[in-house]
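Remarks on the structure that follows.
In what follows, chains are A, B, ... by sequence order, proteins preceding strands, each numbered from 1. Keep in mind it's a predicted model, so treat the numbers as computed, not measured. These values consider heavy atoms only, across backbone and side chains, with no hydrogens, waters or symmetry-generated copies.
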Amino acid sequence: MPASASQFPCIARKINLIFRCPRHDFSSTLKLFTCKLSHLSSPPNSHLEILCSNGQLQEALLEMALQGLQMKFQGYDALLNVCVYQRRFREGQRVHLHMIKTFYSPPVYLNTRLIVLYTKCDCLGDARRMLDEMSERNIVSWTAMISAYSQRGYATEALNLLVEMLRSGEKPNEFTFATVLTSCPGDFGFVSGRQIHSLVIKSNYESHIYVGSSLLDMYAKQGKIHEARGVFECLPRRDVVSCTAIISGYAQLGFDEKALELFRQLLSEGMHSNYVTYASLLTALSGLAALDHGKQVHGHVFRSEIPSYVVLQNSLIDMYSKCGNLTYSRRTFDSMPERTVISWNAMLVGYSKHGMGREVLDLFKSMREENGVKPDSVTILAVLSGCSHGGMENWGLDIFYDMANGNIGVEPEIEHYGCVVDLLGRAGRVEEAFEFIQTMPIKPTAAIWGSLLGACRVHANVDIGELAGHQLLQVEPENAGNYVILSNIYASSGRWEDVRSVRQLMMENAVKKEPGKSWIELDQRLHTFHASDRSHPRREEVFAKEIELLVKLKEAGYVPDLSCVLYDVDEEQKEKILLGHSEKLALTFGLIATPEGVPIRVFKNLRICVDCHNFAKFISKIYGREVSLRDNNRFHRILGGTCSCGDYW
DNA sequence: ATAGGGTTAG
């Protein structure tokens with residue numbers, strides 16, 4: 001009769017446990033299951049071992065006491081095995097003490113089991129003491145300790161220990177490399193990833209599937225995507241993990257199209273996916289704002305009965321909100337049987353980017369009432385920026401001071417200070433924001449000066465704007481957007497001479513601007529427009545429509561904001577350049593390609609320009625269309641000529 | 001006995 005889990009309650013329990021542990025997927029569970037069954041087919045040879053294989057730890061400990069110094073290696077082995085499975089630190093210590101009494105010098109493998117036990121129980125200090133005091137070590141003892149450091153983010157300790165191990169003459173194996181590569185922060189550490197890579201090559205582990213995926217992931221995390229791809233292409237065999245690692249590498253570096261393309265390619269080549277693969281794919285789809293694709297993934301995940309892992313649900317919340325569909329985000333959030341701080345953060349960020357300050361505050365309140373989840377620095381960031389985007393300045397300032405007084409359990413970081421500048425700036429308290437920057441304990445970054453500059457544009461504060469602008473041009477001279485905003489400020493107060501000198505400065509600094517692009521999703525296809533685009537097949541039609549719109553909009557009172565153009569050309573040329581902005585092209589295309597009354601959803605990779613924002617407002621008013629525009633900062637929901645951002649962004 | 005990929009923010 002074939003064995004089944006129900007015949008072995010202790011195994012069924014263990015498997016249950018492993019299933020709930022997200023670090024394992026089906027294949028490793030299966031491996032464990034088969035290994036346990038084979039263990040059972042050759043029955044244990046003592047009463048103590050039978051108790052252990054049934055998971056009856058307390059009874060086995062009693063047996064240990066009865067046997068006294070007659071205990072054998074196998075008995076300790078079985079006991080420690082159970083302690084590791086059940087993560088029992090105290091009981092493990094008892095076995096440890098007993099073992100010391102029995103043997104003058106226990107065998108290496110038993111000492112190594114103790115290291116494993118202590119690391120799994122999060123007692124790294126005990127594990128390290130064990131390692132240091134062992135008279136004899138083997139590669140497993142070293143690796144278990146290195147792995148414990150790596151997995152908990154103690155990169156320096158892990159790398160130090162690796163160096164110590166190499167000095168002692170021990171050769172790393174595939175396990176050592178797979179784990180230590182996850183601790184290589186970049187070429188700035190005292191051991192670089194490249195050094196370890198060369199060691200990997202020398203040891204002939206480069207095409208090992210675990211080592212290889214760890215290696216490619218390390219390169220991806222350092223931003224060296226080409227090297228990562230190189231390692232991936234050299235792997236003799238691919239599996240879920242290596243495929244997911246390279247896809248998520250592209251996604252995390254913002255190469256969203258690349259990630260999607262590679263996913264499709266690997267899928268057609270027979271790649272298996274699991275929930276991690278889909279979570280990474282969803283990150284890419286969030287960036288692309290590809291709602292239809294995202295829904296497909298959701299449907300697929302639902303149908304294929306992939307267990308509802310929190311991580312995957314979190315990505316779905318994020319995907320829906322970044323695609324502009326907060327209702328689905330919330331539905332996903334509400335349906336979750338358990339939530340982590342990331343689930344809350346993703347939802348808060350969603351409301352925040354849509355400018356829904358009330359909802360942000362309500363959700364934050366529920367979060368604080370919920371047991372078992374603590375706000376972290378991202379939570380506060382989301383709440384503060386939510387208050388700013390949602391026009392709840394005073395609430396936001398209260399929360400900041402609450403945090404600064406230590407009432408929230410999160411230390412203020414530079415980004416939080418940035419949010420305060422935003423809050424004050426939006427409220428028109430520009431002088432106060434400027435003073436705040438000067439009293440901050442941290443050196444202001446480009447983002448902070450940029451935030452102050454933005455406030456000065458909206459509240460027409462030329463003096464502070466000039467100050468902030470010049471600070472900003474010093475820290476971040478390559479960003480063309482900064483010159484444009486400073487130019488906006490000068491232009492609004494008629495200081496044309498200064499407008500010219502800003503333009504001059506921009507030319508001198510040879511600014512390389514990230515090319516602006518906007519896109520719109522129609523019938524599951526993304527239509528992308530670049531500034532002054534000539535590549536889209538319906539580009540002529542779009543441009544003709546723009547000219548027609550311009551006439552209509554001007555009659556309604558639209559005046560092109562020429563200070564958004566910093567090229568030295570005449571006014572007619574400037575108007576033409578403005579019409580070539582990618583978001584206007586995408587918006588106009590949306591207007592002609594979708595039926596009347598349907599909302600137009602446009603996405604842009606940079607911050608939306610003042611003139612385009614104004615253009616969209618007139619479109620929404622004249623054509624009675626809702627325009628939803630996501631820029632790299634937030635959503636603008638434009639309805640009947642007014643925008644949810646309150647013209648502050 | 002020891003191992004690799006993941007979600008929010010920037």
Side-chain angles (χ1 to χ4, degrees), chain A residues 22-23 25 28 77 80-81 84 107-117 119-120 138-148 150-151 172-182 205 208-218 220-221 228 231-232 235 238-249 251-252 254 273-283 286 309-319 321-322 329 339-350 352-353 376-386 413-416 418-419 445-447 632-633:
Chain A
R23 282 196 66 79
D25 51 31
S28 43
D77 198 29
L80 291 175
N81 192 17
V84 170
V108 196
Y109 79 93
L110 283 187
N111 279 338
T112 304
R113 268 210 191 268
L114 279 166
I115 296 187
V116 173
L117 170 72
T119 58
K120 300 274 188 228
N138 63 19
I139 183 62
V140 181
S141 11
W142 287 102
T143 303
M145 194 68 231
I146 294 177
S147 147
S150 290
Q151 286 172 357
N173 67 8
E174 65 274 34
F175 289 77
T176 326
F177 282 128
T179 194
V180 84
L181 281 166
T182 63
Y205 283 122
H208 186 278
I209 184 119
Y210 278 53
V211 179
S213 43
S214 195
L215 190 59
L216 84 85
D217 186 56
M218 174 200 76
K221 293 219 164 75
V231 175
F232 180 72
L235 285 178
R238 294 167 179 175
D239 67 355
V240 206
V241 177
S242 49
C243 291
T244 306
I246 190 69
I247 292 171
S248 91
Q252 280 169 2
S273 333
N274 63 15
Y275 75 103
V276 184
T277 323
Y278 290 117
S280 304
L281 178 63
L282 284 169
T283 305
S286 298
Y309 288 114
V310 182
V311 173
L312 189 52
Q313 308 274 30
N314 292 346
S315 324
L316 283 170
I317 295 179
D318 178 59
M319 183 275 295
S321 91
K322 291 210 176 120
S329 283
R339 308 184 183 98
T340 60
V341 65
I342 296 183
S343 325
W344 291 89
N345 291 353
M347 198 64 234
L348 286 166
V349 168
S352 162
K353 296 228 174 214
D376 65 7
S377 105
V378 178
T379 314
I380 306 304
L381 216 56
V383 173
L384 293 181
S385 72
E413 293 158 17
I414 186 76
E415 290 86 358
H416 299 113
C419 287
T445 55
N632 63 352
N633 191 32

(request) For A:Ile209, report the nucleic acid contact type (base, sugar-phosphate, nothing); a contact means any heavy atom under 4.0 Å. (result) base

(message) Whole angstroms only, please: what is the CG-P distance between A:Asn173 and B:dT2?
(response) 12 Å

(request) Could you check which of B:dG10, B:dA3, B:dT8 has an atom nearest any side-chain atom of A:Lys353? (result) B:dG10

(request) May I ask you to say what A:Thr112 touches in the nucleic acid, namely base, sugar-phosphate or nothing, with a heavy-atom cut-off under 4.0 Å? (result) base

(request) Could you pull out all residues at least two apart from A:Lys353 that satisfy salt bridge (Lys or Arg N to Asp or Glu O under 4.0 Å)? (result) none

(request) Please evaluate the base of B:dG6 for a donor-acceptor partner in the side chain of A:Asn274 within a cut-off of under 3.5 Å? (result) no

(request) Record whether the side chain of A:Ser214 comes under 3.5 Å of the base of B:dG4 through a donor-acceptor pair of N or O atoms. (result) no

(message) At less than 4.0 Å, is any side-chain N or O atom of A:Ser248 found next to OP1 or OP2 of B:dG6? Yes or no.
(response) yes

(message) So, does A:Ser242 get its side chain near the phosphate of B:dG5, meaning an N or O under 4.0 Å from OP1 or OP2?
(response) no

(request) Report the distance from atom NZ of A:Lys322 to atom P of B:dG10, rounded to the nearest whole Å. (result) 8 Å

(request) Measure from NE2 on A:His208 to C1' on B:dT2 and round the result to the nearest Å. (result) 12 Å

(message) If I take atom CG in residue A:Leu281 and atom C1' in nucleotide B:dG5, what distance separates them, rounded to the nearest angstrom?
(response) 14 Å

(message) I want to verify a distance call: between B:dG4, B:dG6, B:dG5, whose nearest atom is closest to the A:Val240 side chain?
(response) B:dG5

(message) Donor-acceptor pair, distance only, cut-off 3.5 Å: does the side chain of A:Ser214 make one with the backbone of A:Tyr210?
(response) no

(message) Does A:Asp376 contact B:dA9 through a side-chain donor or acceptor facing the base, at a distance under 3.5 Å?
(response) no

(message) What's A:Asp77 touching, base or sugar-phosphate or nothing? Going by heavy atoms closer than 4.0 Å.
(response) nothing

(request) Look at all strands and tell whether A:Gln252 reaches a base, only sugar-phosphate, or nothing, counting heavy atoms closer than 4.0 Å. (result) sugar-phosphate

(request) Please tell me which of the listed nucleotides, B:dG6, B:dA3, B:dT8, lies nearest to the side chain of A:Ala178? (result) B:dA3

(request) Under 4.0 Å between any heavy atoms, over every strand shown, what does A:Ser150 touch: base, sugar-phosphate, or nothing? Just pick one. (result) nothing

(request) In whole angstrom, give the distance that lies between atom CH2 of A:Trp142 and atom P of B:dT2. (result) 18 Å

(request) Under the salt bridge (Lys or Arg N to Asp or Glu O under 4.0 Å) rule, collect the residues that match up with A:Arg339, sequence neighbours excluded. (result) none

(message) Looking only at the side chain of A:Val378 (C-beta and beyond, no hydrogens), which of the listed nucleotides B:dT2, B:dA3, B:dT8 gets closest?
(response) B:dT8

(request) Whole angstrom is fine here: how far is it from CD in A:Gln313 over to C1' in B:dT7? (result) 11 Å

(request) Consider the side chain of A:Lys221, meaning its heavy atoms from C-beta on, and name the nucleotide among B:dA9, B:dG5, B:dT7 that approaches it most closely. (result) B:dG5

(message) Which nucleotide wins on minimum distance to the side chain of A:Thr283, given the candidates B:dG6, B:dT7, B:dA3?
(response) B:dT7

(message) Let me confirm one number: the CD1-CG distance from A:Ile317 to A:Leu348, rounded to the nearest 0.5 Å.
(response) 10.0 Å

(message) Under a 3.5 Å distance rule, please check whether A:Ser150 uses its side chain to pair with a backbone N or O of A:Thr179 as donor and acceptor.
(response) yes

(request) Answer yes or no: is there a donor N or O on one side and an acceptor on the other, between the side chain of A:Thr283 and the main chain of A:Ala279, under 3.5 Å? (result) yes

(request) Report the nucleotide, chosen from B:dT8, B:dT2, B:dA9, that has the shortest atom-to-atom distance to any side-chain atom of A:Val116. (result) B:dT2

(request) Check whether the side chains of A:Ser242 and A:Ser213 place a donor and an acceptor atom closer than 3.5 Å, and report yes or no. (result) no

(message) Rounding to an integer number of Å, can you tell me how far A:Tyr309 OH sits from B:dT7 P?
(response) 16 Å

(request) Measure distances between side-chain N and O atoms of A:Asp239 and base N and O atoms of B:dG4, and say whether any donor-acceptor pair falls under 3.5 Å. (result) yes

(request) Select one nucleotide: of B:dT2, B:dT7, B:dA3, the one nearest the side-chain heavy atoms of A:Thr179. (result) B:dA3

(request) Would you mind telling me which of B:dA3, B:dG5, B:dT8 lies closest to the side-chain atoms of A:Ile342? (result) B:dT8

(request) Please report, rounded to the nearest Å, how far the C1' atom of B:dG4 is from the CD1 atom of A:Ile247. (result) 15 Å

